[in-house]
Number of protein chains: 2
Amino acid sequence: MRLIKKNIDLEKPGKTAEKILVAARAVFAEKGYSGTHVDEIAECAGVNKATLYYQIGDKDTLYANVIHQVLGNTAQNIAEAVAKVDDPIEKLKAYVNCIAANADKNPELPPIMMREIAGGGATLPLVVIEDIASVITILIGILDKGKKQEIFTETNPFLIHMMIIGTILFYKGSVPIKDRQLWIPNDIKAHDKRLKGGLGDEVAQLVIKAIKR
Amino acid sequence: MRLIKKNIDLEKPGKTAEKILVAARAVFAEKGYSGTHVDEIAECAGVNKATLYYQIGDKDTLYANVIHQVLGNTAQNIAEAVAKVDDPIEKLKAYVNCIAANADKNPELPPIMMREIAGGGATLPLVVIEDIASVITILIGILDKGKKQEIFTETNPFLIHMMIIGTILFYKGSVPIKDRQLWIPNDIKAHDKRLKGGLGDEVAQLVIKAIKR
DNA sequence: GTATGGTTTAACCGTATGGTTAAATATTTC
DNA sequence: GAAATATTTAACCATACGGTTAAACCATAC
């Protein structure tokens with residue numbers, strides 16, 4: 001677990017710190033923590049490496065800040081969106097759409113989260129794992145309420161959570177690979193293009209159909 | 001794209017080469033390509049680093065061999081299993097179960113594939129991407145046949161593929177994190193335990209329900 | 001114009017890391 | 001027992017890389 005050694009005001013970073021964080025997000029997303037070099041982030045940000053250390057700190061500090069920024073208030077957003085509705089189906093829709101919206105807003109999220117999970121969460125900050133736990137607890141509540149109202153069948157909440165985030169993150173994470181393929185039939189390309197913006201809705205619809213009685 | 005510089009007989013590796021490949025799979029899975037050091041693999045294998053270079057070659061060669069070994073004949077297995085049945089629902093079940101069975105047989109597969117996709121496939125051998133393309137082409141065929149027979153609704157094949165592998169790989173990839181959590185209610189733990197071995201069936205069932213008319 | 005904070009320069013340091021090597025040793029094969 | 005192959009030893013090399021630093025320069029505020 002990497003500690004945030006320097007408390008950067010993420011709500012109001014200076015211009016230089018913001019440039020560094022933007023560059024760091026992009027490079028960490030593309031290459032992962034170990035595959036990323038500090039020199040590379042500095043070059044991408046258009047600042048000197050010494051500035052990076054002056055403004056933010058070491059690589060661990062930078063990465064922890066990136067994780068914090070990319071995840072944002074995901075857990076809180078999900079909790080608020082789900083609380084606003086009462087019907088379990090609407091709650092599940094809100095849940096899925098929040099996750100998809102956050103991935104839309106932060107394109108670095110899918111690759112970063114995929115690598116973190118691949119690494120067994122060994123380098124995820126504890127607060128992030130707690131956030132994930134709170135999100136899954138929300139889903140457990142939704143599925144339980146839906147089951148009691150005989151809307152949903154009995155399901156494994158972990159599996160459903162992994163289905164939701166797995167679908168969204170894999171779909172978004174594989175876009176660069178897919179966009180390089182030339183063999184894809186045009187009708188499927190067209191169908192895929194229509195999905196833009198509506199990924200959350202589509203995934204929500206599929207998941208709801210999957211667990212409905 | 002990493003090239004296999006040395007053609008190791010993967011069907012019949014020597015004892016030492018086998019030890020090295022086993023160690024390499026484990027460490028690459030846990031730490032990723034860049035996070036893994038050659039010394040570490042050698043130590044894990046219980047051989048000298050010079051032996052590793054003698055038997056297999058450089059880090060890229062080793063990694064390419066690991067990818068090849070972990071993926072095995074996944075695409076071919078899927079093609080054969082799907083061809084054995086005629087009903088689109090049974091085809092889809094065979095498709096999902098093959099993917100799940102391969103992940104069962106190769107626990108290193110989820111983390112490695114997650115990282116490769118997170119990296120945009122930049123370091124995946126071309127033959128692997130071609131395998132993935134052929135697998136998705138099989139799914140396109142299944143969904144099309146099912147749609148023509150009015151069993152399945154119209155769906156986005158990429159999204160369905162990502163739903164299938166996303167669910168399986170995320171579920172398996174997050175087991176180390178999940179097993180460390182203490183807040184999980186016992187009934188959910190029990191439900192989760194019952195899933196062991198039946199992940200393919202469960203995911204197939206969910207996906208089929210999701211796309212049925 | 002001075003003071004202050006931010007940024008760059010241009011190294012530098014210590015450690016790491018992939019990869020190599022010739023000789024020595026060990027193991028296997030015939 | 002000799003020959004061939006495998007493995008280890010014990011370095012070594014070149015480059016990389018995270019992180020640091022004091023002085024110089026730049027931008028901004030007063």
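In what follows, chains carry the letters A, B, and so on, assigned in the order in which the sequence lines appear, proteins first and then strands, with residues in each chain numbered from 1.
Rounded to a whole Å, the NZ atom of A/Lys49 is 14 Å from the P atom of C/dA11. In this structure, B/Lys19 atom NZ and C/dT27 atom C1' are separated by 13 Å, rounded to whole Å. Residue B/Glu43 contributes atom CD, which lies 14 Å from atom P of C/dA16 at whole-angstrom precision. Rounded to whole angstrom, the span from the OH atom of A/Tyr33 across to the P atom of D/dC17 amounts to 14 Å. The distance between atom CG of B/Leu62 and atom P of C/dG18, rounded to the nearest whole Å, is 11 Å. The CG atom of A/Leu52 sits 13 Å away from the C1' atom of C/dT8 (whole-angstrom rounding). Following rounding to the nearest Å, A/Ile41 (CD1) and D/dC17 (P) show an atom-to-atom distance of 12 Å. Residue B/Lys15 contributes atom NZ, which lies 17 Å from atom P of C/dA26 at whole-angstrom precision.
Between A/Ala50 and A/Thr36, the one whose closest nucleotide on DNA chain D sits nearer the 5' end is A/Thr36.
Distance from the side chain of B/Tyr53 is smallest for C/dG19 among the nucleotides C/dG19, C/dT17, C/dT7. Side-chain proximity of B/Asp39 to the nucleotides C/dT8, C/dG18, D/dA6 is greatest for C/dG18. Minimum atom distance to the side chain of B/Lys59 is reached by C/dG18, of the listed C/dT8, C/dG18, D/dG18. The nucleotide whose nearest atom lies closest to any side-chain atom of A/Asp58 is, among D/dG19, C/dG18, C/dG6, D/dG19. For B/Val47, whose side chain is taken as the heavy atoms from C-beta onward, the closest listed nucleotide among D/dT8, D/dC17, C/dG19 is D/dT8.
Both tests do not hold together for B/Lys59 against B/Phe28: distance to the six-membered ring centre under 6.0 Å, angle to the ring axis within 45°.
The side chain of B/Tyr54 places an N or O atom within less than 4.0 Å of a non-bridging phosphate oxygen (OP1 or OP2) of D/dA6. Look at A/Thr16 and you won't find any side-chain N or O under 4.0 angstrom from OP1 or OP2 of C/dG6. Contact check, B/Thr51 against D/dA6: no side-chain N or O comes under 4.0 Å of OP1 or OP2. Neither OP1 nor OP2 of D/dA16 sits under 4.0 Å from any side-chain N or O of A/His37. Contact annotation: B/Asn48 side-chain N/O to D/dT9 OP1/OP2 distance is under 4.0 Å.
None of A/Thr123, A/Asp60, A/Leu62 except one satisfies the side-chain contact (heavy atoms from CB on, under 4.5 Å) rule with A/Tyr33; the exception is A/Asp60.
Other residues, nucleotides and ligands contribute over 12 non-hydrogen atoms within 6.0 Å of the NZ atom of B/Lys91. Within a 6.0 Å sphere centred on CD of B/Gln181, heavy atoms belonging to other residues, nucleotides or ligands number more than 12.
Here C/dA10 sits opposite D/dT21 as a Watson-Crick or G-U wobble pair (both hydrogen-bonding atom distances under 3.5 Å). Look at D/dA29: its Watson-Crick or wobble partner, with both distances under 3.5 angstrom, is C/dT2.
For the pair A/Pro110 and A/Asn106, the tightest heavy-atom approach, listed with the atom from each and the gap, is CD-O, 3.6 Å.
Electrostatic pairing of A/Lys15 and A/Glu18 does not count as a salt bridge here, judged by no charged N lying under 4.0 Å from a carboxylate O.
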